[in-house]
Undergrad: 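Below are the structure tokens for one structure; questions will follow.
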Amino acid sequence: FQFASYVFDVSVSDMFTSLTRGACVCVPSDHDRMNNIASAINSLSANFVSLTPTVAALLHPDDVPGLKGMVLGGEGPTLENVRLWSDKIDLFLCYGPAECAITCSSTEKCNPGSDPSNLGLPLGANILLVDPEDHNTLVPVGCVGEILIGGPVLARCYLDEPDKVQAAFVKNPKFIEGWTDKSHCRFYKTGDLGFYNPRRDGSISFAGRKDNQVKVRGQRIELGEVEFHMYASPELHHAVAAVPASGHFKGRLVALLTLVGNDDTSTAELVSPARTAGDVEMETRFSEQHVSSALANLKKHLADKLPQYM
């Protein structure tokens, strides 16, 4: 079942992995892909799918009885994902930044007790853990380090962004000095943190980010970038972007804002979820018209500066 948008590398895996194994690629309409996934899977008789954990949580195994296998990736899976699907179908958890297309590690078939933070073993790549402050130093087993990925899966560069390339890709770090095979000595610094699992099977567990990048529905979001553009608005005194881990707004991009008053001293504090325009909780001395106007101006400003999903 070809779910991923064509602008994401997973779509390449959906198509070419299927074709090289002699399978049929089931392509739903855009409407069904966004609004009626279970019905599309059933009507196309698809039996394997790659999804983000967020999308998988919208489905139930009973709704797709013909489904035999699923790959979850693009963001961190949950324990509920694993428990719901692993004893019904063949479930695999995969990891692979777009700079290391397409998948550079995978777990074995999961069971209800599998750890959702486990990234599995490398696939066609070298995966190493280094000191988050010094990519020349490897970290020992049990210690948290930044995940470095090398091998033929690496991208060549970011197009026309040499500074970003220099910051993200490193060549010939000092720890390779003792290697006999130095054919793949270029690495991508993922910014992801992980540690080697205590059972010493070579697998790595995800331990968070070393910066404030987050993922919402599989999309990378730099919270600092959102805040930077919010602060550029004259409507605001203060702004904080966040993705709560629990509560009513769990897993959603939200902004905590303090509005500037007409006299530049009065403020209004509000919480504005990114998903809907009208679902806003606020404590304010301002009129509803003033707040609505300020939010409309801010949304227009952000729409000119940020991708739609941010």
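On a predicted model such as this, the values are computed, not experimentally measured, just so you know.
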Undergrad: Report the residue from V144, I147, I204 that forms a side-chain contact (heavy atoms from CB on, under 4.5 Å) with L193.
TA: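 Exactly one pass, corresponding to V144.
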Undergrad: So does T17 get a backbone contact from the side chain of T20, meaning a donor-acceptor N/O pair under 3.5 Å?
TA: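 Yes, because the side chain of T20 sits within donor-acceptor range (under 3.5 Å) of the backbone of T17.
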Undergrad: Decide side chain to side chain donor-acceptor pair (under 3.5 Å) for S203 and N197; before the verdict, give the C-alpha distance in whole Å, the side-chain angles of both, and the deciding distance to 0.1 Å.
TA: CA-CA 6 Å; S203 64; N197 284 307; 2.6 Å; yes
Undergrad: With a 6.0 Å cut-off (strictly less than), is the heavy-atom count around CZ of R33, excluding the residue itself, greater than 12?
TA: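 More than 12 within 6.0 Å, yes.
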Undergrad: Decide yes or no on ring pair (Phe, Tyr, Trp, His ring centres under 6.0 Å) for F169 and Y158, but give the supporting numbers first.
TA: CA-CA 10 Å; F169 293 87; Y158 299 115; 5.7 Å; yes
Undergrad: Walk me through it: do F48 and F92 pass the test ring pair (Phe, Tyr, Trp, His ring centres under 6.0 Å)?
TA: CA-CA 11 Å; F48 196 91; F92 303 90; 7.1 Å; no
Undergrad: Between T107 (side chain only) and L93 (backbone N and O only), is there a donor and an acceptor less than 3.5 Å apart?
TA: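 Yes.
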Undergrad: Between D32 (side chain only) and P28 (backbone N and O only), is there a donor and an acceptor less than 3.5 Å apart?
TA: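 Not confirmed, D32 side chain does not pair with P28 backbone.
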Undergrad: Does a side-chain heavy-atom distance below 4.5 Å link F175 with T137?
TA: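 When only atoms from C-beta onward are counted, T137 and F175 do not touch, as no gap falls below 4.5 Å.
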Undergrad: Ignoring hydrogens and angles, tell me if any N or O in the side chain of S105 forms a donor-acceptor pair with the backbone of L119 under 3.5 Å.
TA: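 At least one qualifying donor-acceptor pair exists.
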Undergrad: Side chains of Y95 and C104: does their closest heavy-atom pair fall under 4.5 Å?
TA: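 Yes, their side chains come closer than 4.5 Å.
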Undergrad: Any sub-3.5 Å donor-acceptor pair from T78's side-chain atoms to N81's backbone N or O?
TA: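 It does hold such a pair.
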Undergrad: Sub-3.5 Å donor-acceptor pair from the side chain of N136 to the main-chain atoms of K174, do we have one?
TA: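 Indeed, once roles are kept as given, a pair shorter than 3.5 Å links the two residues.
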Undergrad: Within the structure provided, determine whether T103 and V10 are in side-chain contact (heavy-atom separation under 4.5 Å).
TA: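 Result no, sub-4.5 Å side-chain heavy-atom pair not found.
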Undergrad: So which atom in S18 and which in V25 form the shortest heavy-atom distance, rounded to 0.1 Å?
TA: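 That would be CB-CG2, 3.8 Å.
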Undergrad: So which heavy atom on V226 is nearest to which on A241, and how close?
TA: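 The pair with the smallest heavy-atom distance is CG1-CB, 4.0 Å.
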Undergrad: Minimum heavy-atom separation for F195 and C143, please, with both atom names.
TA: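 Where F195 meets C143 most closely, the heavy atoms are CB-O, 3.6 Å.
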Undergrad: Mind running salt bridge (charged side-chain N to carboxylate O under 4.0 Å, His left out) on K68 and D90 for me, showing each step along the way?
TA: CA-CA 6 Å; K68 305 299 182 185; D90 293 340; over 6 Å; no
Undergrad: Do any N or O atoms from the side chain of E177 and from the backbone of W179 form a donor-acceptor pair under 3.5 angstrom?
TA: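 Not at all, since once roles are kept as given, no pair shorter than 3.5 Å links the two residues.
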Undergrad: Between D63 and N42, is there a donor-acceptor pair closer than 3.5 Å when you use the side chain of the first and the backbone of the second?
TA: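 It does not hold such a pair.
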Undergrad: Taking K210 for the side chain and P132 for the main chain, is one N or O donor matched with an acceptor at less than 3.5 Å?
TA: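 Yes; at least one donor-acceptor contact below 3.5 Å.
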Undergrad: Look at the side chain of R186 and the backbone N and O of R156, then say whether any donor-acceptor pair between them is shorter than 3.5 Å.
TA: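 Answer holds: yes.
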Undergrad: Could you pull out the closest heavy-atom pair between V82 and P116, with the gap in Å?
TA: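 For V82 and P116, the tightest heavy-atom pair comes out as CG2-CB, 4.1 Å.
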Undergrad: What do you reckon, is CD of E108 surrounded by more than 12 foreign heavy atoms closer than 6.0 Å?
TA: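 Open: at most 12 neighbouring heavy atoms sit under 6.0 Å from CD of E108.
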Undergrad: Taking all non-hydrogen atoms of both residues into account, name the closest pair between L72 and P77 and its distance.
TA: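 In terms of heavy atoms, the two residues are closest at CD1-CB, 4.4 Å.
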Undergrad: Would you indicate whether the side-chain heavy atoms of I221 and V243 approach each other to under 4.5 Å?
TA: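 No, too far: nothing below the 4.5 Å cut-off.
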Undergrad: What heavy-atom pair brings V254 and P244 nearest, and what distance separates the two atoms?
TA: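 Taking every non-hydrogen atom into account, CG2-CD, 3.9 Å.
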Undergrad: Passes side chain to side chain donor-acceptor pair (under 3.5 Å), E146 versus T190? Steps please.
TA: CA-CA 7 Å; E146 180 178 5; T190 64; 4.8 Å; no
Undergrad: Show your working on side chain to side chain donor-acceptor pair (under 3.5 Å) between S11 and D14 and close with a plain yes or no.
TA: CA-CA 5 Å; S11 66; D14 286 342; over 6 Å; no
